[in-house]
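Worksheet for the structure shown next.
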Amino acid sequence: MTAERVYKIGVLPGDGTGPEVVREGMKVLDAASKLCSFRYEATPLAYGGERYLRTGTVLTDEELEGLKRFDTLYLGAVGHPDVKPGVIEKGLLLKIRFGLEQYINLRPVKLYPGVDTPLKDKGPEEIDFTVVRENNEGLYCGEGSFEDKGTQNETALQISRNTRRGVERCLRFAFEYTRARGKRKKLTLCGKTNVLTYAWDLWERVFYEVAKEYPDVTTDYAHVDATCMWMVMNPEWFDVIVTDNMFGDIITDLGAMIQGGLGIAAGGNINPEGVSMFEPIGGSAPKYTGKNIINPLAAISAAGMLLDWLGEKQAARMIEEAVMFVTSKKIKSLAAGKMGYSTSEVGDLIVDFMAGQPQKKAVK
Ligand code: IPM
Ligand code: MN
């Protein structure tokens, strides 16, 4: 007999279409729990633009502290049309990433069968890699200053802080991840050693130092501009890419586009020793709010990643297979309103497919 697996999940639907896609993700998670015999307690947390407009609060330090009682967090989307850009992003998303030390942002770039990519002559065989983005440091540290603000001599400084500890733990995660993924066992460091000679000197030194402990992993280096070029020209060259916060932000939007768009791209904010948070990487798409036409597959895939991280490998596999079934056999497009199904119908298709598959006995 295996011990009962019960997970405490904090659910943050967020703004715009966030609640609609999270509803489908939870529907799928619920189906997975029954099929794979684990339990969960979901606690809805109404943080986001709506509450901010009502109360003036985004996320207090006590509330942040309170998130530590969960096994994992599931986030819909942040960004509200009536709230100044940056307020919720900084006050909620970045506050959680930093406050819970989710120092990895894991973003798979995988083209599913049936999904259109803008890349000519590339298919699921060629587009399947993962970006490991440092998630707590770099230009996102928020440090900087103005000199002579408002004058013709104004200078704005924006600091990129890279600590040995922060860089090393990110690189170690990337090496471990590359090894465990076991695909081509190739890890590419994406940086800018030719110009940013402090930050990338540190990253490069630590990269080759840590690499010595992973002789089975092939290492490679590419400048960030060249990485963008190769992601478009030869995406099959990549297995795992590790990079800093800012470059990771940029190249994963490019990655989302080559895998079919923000309707399908999911990611995890990971603290391997603490509480992680999984999210669809697209925004809140406010203009589609309440219409039941937004694509929930990114949120559903994020729920799959969440379960994978919790160790529910079979459930995660089932969800991914169901997503591939829906992309290849059901929906016409990933775009909102063009799927041929409503948001909730896509969730139902996933659940029906999962239920119709012959179930293996739950494995721990
Ligand atoms: C992302 C987003 C965030 C980021 C914003 C909303 C702060 O673009 O998750 O990639 O820059 O990290
Ligand atoms: Mn981004």
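Residues: numbered from 1 along the sequence shown. One-based numbering, in listed order, for ligands and for the atoms of each. Bear in mind that the values here come from a model prediction, so they are computed numbers and not experimental data.
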- Query: What part of R133, side chain, backbone, both or neither, has a heavy atom within less than 4.0 angstrom of ligand 1?
  - Reply: side chain

Top protein contact for [atom], by heavy-atom distance:
atom                   : result
atom 2 (C) of ligand 1 : D249 OD1, 4.0 Å
atom 5 (C) of ligand 1 : L93 CD2, 4.3 Å
atom 6 (C) of ligand 1 : E89 CG, 3.6 Å

- Query: So, E137 versus Y103: side-chain donor-acceptor pair below 3.5 Å or not?
  - Reply: no

- Message: Nearest 0.5 Å, please: how far is CE in M318 from CZ in F353?
- Response: 9.0 Å

- Rounded to the nearest 0.5 Å, the CD1 atom of I9 sits from the CE atom of M26 at a distance of 5.0 Å

- Message: Between ligand 1 and R97, is the shortest N or O to N or O distance under 3.5 Å?
- Response: yes

- Task: Flag R107 as yes when one of its N or O atoms lies below 3.5 Å from any N or O atom of ligand 1, and as no otherwise.
- Result: yes

- Atom indices of ligand 1, in the order listed, that fall short of 4.0 Å to a heavy atom of Y140: 4 (C), 11 (O), 12 (O)

- Item | Chi angles and distances behind the side chain to side chain contact (heavy atoms under 4.5 Å, CB included) call for F207, F175 | CA-CA 9 Å; F207 182 67; F175 276 101; 3.7 Å; yes

- Task: Start with the C-alpha gap between K192 and N194, add the side-chain angles, then the distance that decides, and say whether side chain to side chain contact (heavy atoms under 4.5 Å, CB included) holds.
- Result: CA-CA 5 Å; K192 192 71 186 172; N194 53 350; 3.3 Å; yes

- Identify, by name, the N, O or S atom of D249 lying closest to the Mn ion (ligand 2). OD1

- Just wondering, do I264 and N295 contact through their side chains at under 4.5 Å, heavy atoms? no

